[in-house]
Amino acid sequence: MRNRTTLAHLPTTFSTWPTHPLYAAIERWRDAASGQDWPQQPDFDRLIAHARACGQPLPPRQRFLRDADPELYYEMHIGSSGEIPTRGDNWHDWFNALCWLSWPRSKLAMNARQVQAINHGEVQRGPRRDAGTLLDESGVIVPYCDASLAQALQDMNWQALFVQQREAWGSRIGAHVIGHALLEQGWAMYSGWCGKALLLPVEATFFQLDYAAQIDILDITLAARLADDEHFAASPRALLPLPLLGIPGWCDANRDMAFYDNTAYFRPTRRAKSATEISPSPAMIG
């Protein structure tokens, strides 16, 4: 199900390109996607052809279909045709298209989970579909090689995660946005703004790789786990709250450690350990 909210604060020209770390995962498409006008169907076709030429494993039938009005459910239409209905002149759907290019395996696996849930009777949305939708819309993939940092996120111990272990970000823990609604919301960040984090363990050498290689590894790993319910719980509680403005380098205000004293945003509430931690895989690279 697509989020159809239109935010009044969004830029009205397509040529604007964001530079915040939130958008790092889609940065590789900047040159190919930038333009003075919103993309028309030929532009979408050229963009997906460019992504294929860059080696992205996009299915042969995959296509962004501008202003389509499918008869089937959105997810079912993608599953049956490979076409992704994409509204024109719309930031939400534009960011969704760029996420499909950046996370092709995981986005396909997410859609497959939605299709499977619908086929099993979860037509009106339920825990399985809600969990998939939250990841698709607001998901942040959090790789880590230090179990204490993962535990700090699980425990909502923001002082440990953002203050005491501040230097660990980028070397022992990271944050990579897959949720396209977060990219839309990023035009007007606000106190209280959170993503839904999914922890993925990696080797320490992962953080020495270039950014594109990191995303490729995470995409492969996440897609495999999304296909296995033993590694991805079918519940929205499988995803952890992550105050995005607390991530070092994501907000100028958090250079002042007093920023983290705002308990209305950095809530100290403890929660039980959930199923967000994914066991390492023998196939994991890095």
request  = To the nearest 0.5 angstrom, please state how far the CD1 atom of Ile78 sits from the CG atom of Asn111.
outcome  = 4.5 Å
task = Just do the salt bridge (charged side-chain N to carboxylate O under 4.0 Å, His left out) check on Asp69 and Arg87 with the steps written out, would you?
result = CA-CA 9 Å; Asp69 188 17; Arg87 291 168 290 176; over 6 Å; no
key: Closest approach of Gly249 to Asn254 (non-hydrogen atoms, all atoms of both residues)   = N-OD1, 4.1 Å
inquiry  = Please find the pair of heavy atoms, one from Trp29 and one from Ser102, that lie closest to each other, and give the distance.
reply    = NE1-OG, 2.9 Å
Does a side-chain heavy-atom distance below 4.5 Å link [X] with [Y]?
X      : Y      : answer
Gln41  : Leu65  : yes
Phe64  : Asn96  : no
Gln159 : Asp261 : yes

ask   = Using 4.0 Å as the upper bound for N to carboxylate O, is an ion pair formed by Arg66 and Asp45?
value = no
message = Determine whether a donor-acceptor pair (N or O, by modelled atom type, separation under 3.5 Å) exists between the side chain of Ser106 and the backbone of Asp219.
response = yes
task = For Asp43, check side-chain hydrogen bond (donor to acceptor under 3.5 Å, both in side chains) against everything at least two apart and list the hits.
result = Arg46
task = Go through the structure and list residues passing side-chain hydrogen bond (donor to acceptor under 3.5 Å, both in side chains) with Arg172, not counting sequence neighbours.
result = Asp146, Gln165, Glu167
query = For residues Gln56 and His50, is any side-chain donor paired with an opposing acceptor at under 3.5 Å?
reply = no
ask   = Parallel, tilted or perpendicular for Phe206 and His176, by the 30°/60° rule?
value = perpendicular
note = With sequence neighbours left out, the residues meeting side chain to side chain contact (heavy atoms under 4.5 Å, CB included) with Cys194 are Pro243, Tyr265
